Amino acid sequence: MIKRLELKDLLIHIRFLVLVLISVALIAVDMSSKTLSNARYYLETALYPILALADSPHKVSKMVSSHLQSSSELIKENERLSAENFMQRADILRLKSLESENEAMRRMLNSPIRKTSKRLFAEVVDVAADLYQRRVVINRGTGSGVYVGMPVMTDTGLVGQVISVNYAFSRVLLLTDNLSAVPVINTRNQVRAIAAGDNGNDELLINNVPRSTDFKVGDTLVTSGLGGVFPEGYPVATVTSVGFSESQPFAFIKAKPAVDATTMRYVLLLWYHGNGDDEVGLGTPKEATDGKIVLRRDRIKKLIESMSTEEAHIKTDHSEQEKGEQ
């Protein structure tokens, strides 16, 4: 039995040695001449489908991984470019004429030109379910530095202001809400007024404007900067109708908001503190109460009413003076 096993092992070693010698001989022949090139070519051609099939899982996994990585990078790049484009379009909203006038006035007063405010990009994630309220929810909160009273806009104009915040979300009061009031100025003749919300028709009412004031359909209204809530120079609305009544001292003026809140998806939040400096870190969050918004609106309204009354008195005195001279 032992001899048989030894003989079997000997035969295995002899076979291995023969195969090694044949391999060495074939390598030597292939290196010295090209006689085996054709045979190797046909053998590789015949075995190619098998090799390709064996390597296909690796190729497929590599291709899928590369495709997913490329798609993810493209999506991130597209989002970044979209945000940059959105902010650049928002920068154009500051009318050139008002900026030039502001710069000239500041040079006359030897006052530094106000720097551009820091901005924050946000997405609208919810709309108020109450039919009598015009409010939306955005995905930024105190964790991003948002505070109550913060102005909100898009690349087409003013949207409103933040009225309540938590860590991750904020609620925005739209211009068309009946609690909203924005000091505006007519870009055509620099007449100041108040644009108040009207829930029923999603439009703005221009209040406390004397009948003699020059307002026309198509006039552009921008923020005036009065009241210290909104920065000046941003589009608010376009006048759509102007009416008068002999029994009323004020005109009936309506305007269409510059921003269509029903299709709005992204917004910009501005750090603005109403003290001539828009730099970050000077603002303090305020208590989230609608009552303060009403008080602020009343304060601004009284300011405009006093200005309108003074203007009417000046015109009356001027008319009486002319009659006396005649």
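Residue numbers count from 1 along this sequence. Everything quoted here is computed from the prediction, not taken from an experiment.
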> With no hydrogens and no angle check, is any side-chain donor or acceptor of S170 less than 3.5 Å from a backbone partner on R140?
yes
> Flag yes if L205 and L174 sit in one hydrophobic cluster, no otherwise; membership is Ile, Leu, Val, Met, Phe, Trp, Tyr, and two members link when side-chain heavy atoms are under 4.5 Å apart.
no
> With F252, which residues qualify under side chain to side chain contact (heavy atoms under 4.5 Å, CB included), at least two apart?
S245, Q248
> Measure from the side-chain N and O atoms of N139 to the backbone N and O of F169, and report whether any donor-acceptor pair falls under 3.5 Å.
no
> Would you find a donor on one side and an acceptor on the other, under 3.5 Å apart, between the side chain of T223 and the backbone of Y234?
yes
> Hey, does the side chain of S23 reach the backbone of L19 with a donor-acceptor pair shorter than 3.5 angstrom?
yes
> Which heavy atom of P210 sits nearest a heavy atom of N208, and at what distance?
CD-O, 3.7 Å
> Is the closest basic N to carboxylate O distance between R265 and E123 below 4.0 Å?
yes
> Answer yes or no: is there an ion pair linking R80 with E77, defined by an N-O contact shorter than 4.0 Å?
yes
> With side chains defined as the heavy atoms from C-beta onward, is the minimum distance between L268 and V152 less than 4.5 Å?
no
> Given the rule in the side-chain contact (heavy atoms from CB on, under 4.5 Å) test, do S241 and V239 qualify, once you have shown the distances and angles that lead to the verdict?
CA-CA 6 Å; S241 66; V239 176; over 6 Å; no
> Do side-chain atoms of T176 reach the backbone of D198 as a donor and acceptor pair under 3.5 angstrom?
no
> Walk me through whether V124 and Y266 qualify under side-chain contact (heavy atoms from CB on, under 4.5 Å).
CA-CA 6 Å; V124 176; Y266 300 105; over 6 Å; no
> Determine whether a donor-acceptor pair (N or O, by modelled atom type, separation under 3.5 Å) exists between the side chain of T220 and the backbone of T238.
no
> Taking V146's backbone N and O only, do any of them form a donor-acceptor pair with S144's side chain (distance below 3.5 Å, no angle check)?
no
> Kindly give the heavy-atom pair with the smallest separation between V236 and V222, and that separation in Å.
CG2-C, 3.9 Å
> Just jot down the side chain to side chain contact (heavy atoms under 4.5 Å, CB included) partners of K216, sequence neighbours excluded, or say none.
R188, D214, D219
